[in-house]
Amino acid sequence: MLGRTLREVSTALKQGHITPTELCQKCLSLIKKTKFLNAYITVSEEVALKQAEESEKRYKKGHSLGDLDGIPVAVKDNFSTSSIETTCASNMLKGYVPPYNATVVQKLLDKGAVLMGKTNLDEFAMGSGSTDGVFGPVKNPWSYSKQYREKRKQKAHGENEDSNWLITGGSSGGSAAAVAAFTCFAALGSDTGGSTRNPAAHCGVVGFKPSYGLVSRHGLIPLVNSMDVPGILTRCVDDAAIVLGMLAGHDPKDSTTIQDPVKPFTLPTSADVNKLCIGIPKEYLAPELSSEVRSFWSKAANLFESEGAKVIEVSLPHTSYSIVCYHVLCTSEVASNMARFDGLEYGHRCDINVSTEAMYAATRREGFNDVVRGRILSGNFFLLKENYENYFIKAQKVRRLIANDFVNVFNSGVDVLLTPTTLSEAVPYLEFIKEDNRTRSAQDDIFTQAVNMAGFLSCLQDCQQ
């Protein structure tokens with residue numbers, strides 16, 4: 001039952017083949033068995049069982065709330081959850097319990113979803129491996145598959161088995177691992193430059209980044225306000241469409257959400273791609289792209305072409321500037337957003353009381369890791385009066401050029417772009433940490449962060465394992 005899709009399980013619940021409580025207990029049991037993956041920071045067992053019990057009562061009365069009623073879900077630990085600790089995997093927010101739910105969380109609960117817990121991530125979602133959080137790294141469930149174990153034995157002898165595991169990608173690695181390990185049927189991630197799609201690729205699940213403004217950011221602890229988007233992780237595209245249909249729409253608490261009513265999201269029973277024009281960006285043929293990913297990319301394009309789609313090469317000429325542009329804009333907004341964590345209102349506060357300045361400094365030194373502090377320093381540098389025009393303003397201008405590249409391609413008749421998600425398949429943890437966080441993020445987000453700057457949607461259906 002746990003290996004089925006969300007829609008299949010929803011049907012089983014409606015037909016009485018399993019009850020919400022039984023389903024919840026099965027997921028809780030598997031969460032405990034797979035604790036070594038470190039996918040969850042907080043497991044909300046009591047809350048989940050209570051929600052499942054309420055769902056069961058509705059089913060017995062014939063008052064189901066829809067396809068999500070009784071379905072176990074997980075939420076990345078940078079979304080506010082009422083009465084459940086929200087840490088952002090940081091010492092700064094350890095023990096912080098929000099007084100309200102993020103809009104996307106509330107929408108899931110309103111539809112009867114059962115919240116299994118809060119998932120692990122890079123601290124404040126700053127990373128691409130889910131390895132830099134204060135609660136430790138997340139392990140990819142595929143690391144423990146028979147195929148991978150046999151592959152590792154052939155390649156290396158005498159290595160420590162405990163250190164051979166694969167990264168999940170990040171920063172929503174906990175959510176991706178939770179879905180891949182069958183501990184829930186859908187999970188929320190966040191996506192600023194690829195943080196939902198990257199771990200989806202590495203964990204063999206579907207990752208969807210909605211267009212900016214389609215889904216409310218209210219209650220998502222911000223990293224980069226102008227790029228952050230709640231992401232969806234599921235086991236198939238149909239499931240992602242179901243969840244998106246529940247979450248999309250205007251939110252009066254988020255002025256950036258769209259004003260027009262959102263039509264229901266449904267997938268056709270049969271795909272007709274005869275009239276589809278698919279673009280292949282030539283700039284994405286990066287030298288660092290692994291032969292395996294290149295091969296899958298080519299096979300996907302050939303598959304569409306064999307079904308009647310038109311596949312053409314297109315150009316996004318400002319792609320080479322996107323990583324630098326993203327770094328400037330990202331760190332600038334990070335510096336602004338992280339200023340709120342000063343030890344006065346909420347979160348961690350040091351014991352030093354010599355002066356306000358000393359308290360600020362010590363609190364932030366103790367509360368943030370090196371990665372977060374480094375981005376704050378970079379952002380403040382770019383925002384200095386003498387640097388503002390040369391860095392921040394120029395980056396904003398380049399961002400417009402990058403967005404225009406996409407607009408020009410889509411206006412030329414191209415319906416969708418087909419691109420890789422990452423340069424390579426998931427790598428072992430010990431290999432991943434040889435590079436610093438900034439280098440890793442620049443490499444892993446090369447194909448994904450441009451659409452965040454442009455504000456377009458992006459979906460990944462991948463199984464690179």
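When a residue number appears, it is its place in the shown sequence, counting from 1. Side-chain atoms are counted along with the backbone in the values below, which use heavy atoms only and exclude waters and symmetry mates.
The salt bridge (charged side-chain N to carboxylate O under 4.0 Å, His left out) search around Glu56 returns Lys60, not counting sequence neighbours. Listed by chain and residue number, Trp165 satisfy the ring-ring contact (aromatic ring centres under 6.0 Å, His included) test with Tyr429 (two or more places apart in sequence, or in another chain).
Checked against the 6.0 Å centroid criterion, the rings of Phe341 and Tyr96 do not qualify as a close aromatic pair.
For the atom pair CD1 of Ile232 and CG of Leu188, the computed distance is 7.0 Å after rounding to the nearest 0.5 Å.
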Check: residues 296-303 side-chain donor-acceptor pairs under 3.5 Å, at least two apart:
unit_1: Trp297; atom_1: NE1; unit_2: Leu418; atom_2: O; d: 2.9
unit_1: Asn302; atom_1: ND2; unit_2: Ser298; atom_2: O; d: 3.2

Side-chain donor-acceptor pairs of residues 447-454 under 3.5 Å, sequence neighbours excluded:
unit_1: Thr448; atom_1: OG1; unit_2: Gly193; atom_2: O; d: 2.5
unit_1: Thr448; atom_1: OG1; unit_2: Asp445; atom_2: O; d: 3.3
unit_1: Gln449; atom_1: NE2; unit_2: Ser322; atom_2: OG; d: 2.8
unit_1: Asn452; atom_1: OD1; unit_2: Arg197; atom_2: NH2; d: 2.6
unit_1: Asn452; atom_1: ND2; unit_2: Asp191; atom_2: O; d: 3.1
unit_1: Asn452; atom_1: ND2; unit_2: Asp191; atom_2: OD1; d: 3.2
unit_1: Asn452; atom_1: ND2; unit_2: Thr192; atom_2: O; d: 3.0
unit_1: Asn452; atom_1: ND2; unit_2: Met227; atom_2: O; d: 3.4

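Listed here is the closest heavy atom pair of Leu166 and Pro428: CD2-N, 3.7 Å. The shortest non-hydrogen separation linking Gly70 to Pro72 is O-CD, 3.4 Å. Shortest non-hydrogen contact noted between Val105 and Ser80 is CG2-O, 4.0 Å.
Under the ring pair (Phe, Tyr, Trp, His ring centres under 6.0 Å) criterion, no residue pair touches residues 172-192, with sequence neighbours excluded. Listed by first and then second residue, the side-chain hydrogen bond (donor to acceptor under 3.5 Å, both in side chains) pairs involving residues 25-43 are Tyr40-Thr183 (not counting sequence neighbours).
Atom CD of Gln15 sits in a crowded spot, with more than 12 heavy atoms from other residues, nucleotides or ligands closer than 6.0 Å. Atom CZ of Phe410 is surrounded by more than 12 heavy atoms from other residues, nucleotides or ligands within 6.0 Å.
Residues Phe368 and Arg375 have side chains not in contact (no heavy-atom distance under 4.5 Å, counting atoms from C-beta outward).
The pair Arg217-Asp228 does not meet the salt-bridge criterion, since no charged nitrogen lies less than 4.0 angstrom from a carboxylate oxygen.
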